[in-house]
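Basis for what follows: all heavy atoms, side chains included, without hydrogens, waters or symmetry-related copies. Just so we're on the same page: letters track the sequence lines, and every chain starts at 1.
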2 protein chains.
Amino acid sequence: MTRPLVTILDDEPEIRRLLTDVLEEAGFETLSFGRARAFEAALAKRTPDVCLVDLSLPDTDGLTLVHRLALEQGAVVIIISGRAQVQDRVTGLELGADDYIIKPFDPAEVVARIRARLRSPKPPASSGNTARFNGWTAHFDRYVLQDDTGEEVPFSHAESEVLRLFLESPKRLISRAQMQTSLGGAASESFDRAMDVRISRLRTKLREDPKNPQLIKTIYGAGYIFLGDVTWS
Amino acid sequence: MTRPLVTILDDEPEIRRLLTDVLEEAGFETLSFGRARAFEAALAKRTPDVCLVDLSLPDTDGLTLVHRLALEQGAVVIIISGRAQVQDRVTGLELGADDYIIKPFDPAEVVARIRARLRSPKPPASSGNTARFNGWTAHFDRYVLQDDTGEEVPFSHAESEVLRLFLESPKRLISRAQMQTSLGGAASESFDRAMDVRISRLRTKLREDPKNPQLIKTIYGAGYIFLGDVTWS
DNA sequence: AAACCATTGTAACAATTCGTAAGGATTGAG
DNA sequence: CTCAATCCTTACGAATTGTTACAATGGTTT
């Protein structure tokens with residue numbers, strides 16, 4: 001539970017198994033995925049400390065994923081790739097990866113490099129932490145909402161996940177299933193009303209009129225739409 | 001702002017010249033040495049930001065040097081070695097090196113890896129043991145916190161580890177798992193509550209309001225964020 | 001329109017996670 | 001060995017979040 005979480009994203013099951021074994025042995029918690037979508041779904045549940053990513057994935061642009069991981073999530077990102085070209089390594093590192101390991105790799109070296117990265121912390125996130133919308137300013141670094149008069153309303157981590165999802169996709173329908181996977185991962189099978197409760201609590205903090213919400217609108221049978229005009233800074 | 005200083009320690013003149021050229025081109029200041037003794041003499045003058053070290057040096061034990069550089073000087077240490085054995089890399093990284101590049105190397109990759117390391121600045125270890133933040137000055141050499149009025153509050157070693165971790169990564173979510181590895185890392189199992197206690201004591205010394213902490217914020221289920229504006233010196 | 005079912009809102013409760021006081025184990029100095 | 005300092009462990013109260021239950025709402029059928 002308190003061991004560092006390492007996520008493995010690679011489409012080869014053998015690689016996943018090898019890494020899982022050696023990392024568990026080394027005292028890490030592991031989660032492995034073969035597809036980027038499943039991986040992203042799990043991200044919100046618990047931010048991993050280290051992400052091992054293979055770039056040659058079938059269903060996404062790996063470099064974009066690396067960029068988002070490194071900058072927004074603040075995780076240590078290590079690319080593991082069969083592409084041995086120097087240019088690949090350089091661009092991978094420039095995009096924010098913390099290390100680049102070439103296949104075939106030695107498991108012991110992977111462990112050593114992970115440990116080396118965990119020793120030195122990452123710099124503070126400089127941007128992408130604040131969003132303004134309709135009289136509110138959301139400070140995701142401080143977990144605080146600020147209204148026009150400067151009054152502050154704190155929000156929790158669970159609420160921040162929902163709010164961030166809305167603010168990243170304003171004026172677009174977000175289905176319940178989308179939220180579920182985006183926030184809860186492969187959660188409980190029986191209906192997860194936790195999402196509704198999160199949104200309910202968020203609405204309260206945004207001082208929405210329950211009868212006539214202006215910002216978070218419910219689309220019966222489909223999902224939710226966030227109707228604010230969002231500016232990130 | 002001055003350009004980052006990269007020192008090159010390698011007994012092959014050609015390698016030194018190649019690295020010097022490419023690093024100067026990339027916007028770094030460089031100093032190169034063929035012997036460890038000359039290198040150490042130069043250390044006293046100005047601590048480099050990055051040290052490129054070849055392990056197979058004639059006049060010293062390279063690994064010891066790496067260890068001292070990494071721990072005492074707080075520089076980024078990158079080993080460049082012809083020894084390709086995995087075990088060499090693992091021990092090099094475990095001794096505190098931040099990266100390990102194998103000869104023959106591509107200059108562009110060396111530059112990319114240096115840049116990647118400089119993105120996350122290493123904590124100043126022996127030089128620069130003082131950090132200022134929000135009305136406080138932390139003296140890690142004396143284990144003392146000083147407030148604006150000059151009043152001093154001593155803190156213990158355990159507290160200093162936590163505080164240092166926070167001051168190195170301000171405004172970033174730090175997971176408990178991350179803390180565990182950063183603070184000694186060994187697999188003491190029920191470490192979880194001890195961490196809470198450390199933070200609790202630190203908060204008391206920083207005179208935080210337990211109901212509304214301004215500096216060390218708890219993110220339920222996720223970790224902690226230190227919200228100070230930190231300047232190291 | 002009324003009746004009916006599906007979906008959503010939310011209050012109340014339970015489970016989980018966190019804060020911290022108190023006591024005991026460990027370490028180091030004399 | 002004793003004492004003192006430090007730090008881990010334990011234990012219990014507090015805060016946050018998920019779950020359940022039921023009311024309210026929207027849509028559909030009769």
Side-chain angles (χ1 to χ4, degrees), chain A residues 1-3 5 44-47 143-145 153-163 173-180 183-226, chain B residues 143-144 153-164 173-180 183-226:
Chain A
M1 200 269 290
T2 54
R3 297 181 301 167
L5 174 62
K45 193 162 193 176
R46 175 177 165 196
T47 302
Y143 287 79
V144 159
L145 272 166
V153 181
F155 57 84
S156 71
H157 186 62
E159 283 152 9
S160 84
E161 290 186 330
V162 181
L163 182 58
L173 177 72
I174 300 175
S175 76
R176 208 168 261 281
Q178 238 169 315
M179 284 196 153
Q180 208 84 320
L183 301 186
S188 48
E189 292 310 319
S190 62
F191 256 18
D192 202 354
R193 308 300 311 283
M195 191 60 54
D196 302 59
V197 177
R198 284 192 187 189
I199 287 172
S200 169
R201 288 176 179 150
L202 190 55
R203 275 177 170 152
T204 306
K205 297 206 171 171
L206 288 171
R207 302 179 196 142
E208 293 266 76
D209 174 13
K211 301 288 179 185
N212 186 24
Q214 296 300 301
L215 287 170
I216 302 174
K217 204 143 187 171
T218 304
I219 310 301
Y220 185 93
Y224 297 93
I225 292 186
F226 183 81
Chain B
Y143 287 83
V144 159
V153 182
F155 56 84
S156 71
H157 183 66
E159 283 152 10
S160 84
E161 288 188 327
V162 181
L163 181 59
R164 185 184 283 276
L173 185 88
I174 301 175
S175 73
R176 294 170 110 78
Q178 241 168 318
M179 289 196 164
Q180 187 174 336
L183 311 188
S188 163
E189 207 30 67
S190 59
F191 206 30
D192 35 351
R193 318 299 292 128
M195 185 63 56
D196 296 343
V197 175
R198 286 191 185 189
I199 287 171
S200 171
R201 295 201 178 115
L202 192 54
R203 275 178 171 149
T204 306
K205 298 204 172 171
L206 288 172
R207 300 177 197 144
E208 292 266 76
D209 173 13
K211 299 287 179 186
N212 186 25
Q214 294 301 301
L215 286 171
I216 302 174
K217 199 147 184 173
T218 303
I219 311 303
Y220 185 98
Y224 297 92
I225 293 185
F226 183 81

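A/Tyr143 places its OH atom 15 Å from the C1' atom of C/dC18, with the value rounded to the nearest Å. If you take CD1 of B/Ile199 and P of C/dT20, they are 10 Å apart, rounded to a whole angstrom. A straight line from CG of B/Leu202 to P of C/dT20 spans 11 Å, rounded to a whole angstrom. Rounded to whole Å, atom C1' of D/dT25 lies 14 Å from atom CG of A/Asn212. Rounded to whole Å, atom C1' of C/dG9 lies 16 Å from atom NZ of A/Lys217. If you measure from atom CZ of A/Arg203 to atom C1' of C/dT10, you get 11 Å, rounded to the nearest angstrom. Separating the CE atom of B/Met195 from the P atom of D/dT9 is a distance of 11 Å, rounded to the nearest angstrom. For B/Asp209 and C/dG19, the CG to C1' distance is 13 Å, given to the nearest whole Å.
For B/Ser156, a side-chain nitrogen or oxygen approaches OP1 or OP2 of D/dC7 to under 4.0 Å. Checking the phosphate oxygens (OP1, OP2) of C/dC18, a side-chain nitrogen or oxygen of B/Arg176 falls inside 4.0 Å. The side chain of B/Arg193 places no N or O atom within less than 4.0 Å of a non-bridging phosphate oxygen (OP1 or OP2) of D/dC8. Note on B/Thr218: a side-chain N or O is less than 4.0 Å away from OP1 or OP2 of C/dG19. Taking side-chain N and O atoms only, A/Tyr220 has no distance below 4.0 Å to OP1 or OP2 of D/dT28. In this model, the phosphate group of C/dT10 is approached by a side-chain N or O of A/Ser200 to a distance below 4.0 Å at OP1 or OP2.
Within the 4.5 Å cutoff, side-chain heavy atoms of B/Phe155 are placed close to those of B/Ser160. Using a 4.5 Å heavy-atom threshold, the side chains of B/Val153 and B/Arg207 count as touching.
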Trace of the side-chain contact (heavy atoms from CB on, under 4.5 Å) decision for A/Glu159 with A/Leu145: CA-CA 11 Å; A/Glu159 283 152 9; A/Leu145 272 166; over 6 Å; no
Test side-chain contact (heavy atoms from CB on, under 4.5 Å) applied to B/Asp196 and B/Tyr224, step by step: CA-CA 10 Å; B/Asp196 296 343; B/Tyr224 297 92; 3.1 Å; yes
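Residues A/Gly221 and B/Pro210 each lie close to DNA chain C; by heavy-atom proximity, the contact nearer the 5' end of the strand is made by A/Gly221. Two residues, B/Arg201 and B/Lys211, neighbour DNA chain D, and the one matched to the more 5' nucleotide by heavy-atom proximity is B/Arg201.
For A/Tyr224, whose side chain is taken as the heavy atoms from C-beta onward, the closest listed nucleotide among C/dA11, C/dT8, D/dT10 is C/dT8. In this structure, of D/dT20, C/dG19, C/dT8, it is C/dT8 that holds the atom nearest to the side chain of A/Asp196.
The backbone N or O of B/Glu208 sits nowhere less than 3.5 Å from a side-chain atom of B/Gln214 that would complete a donor-acceptor pair.
Across all strands, A/Phe155 comes closer than 4.0 Å to no nucleic acid atom at all (heavy-atom distances).
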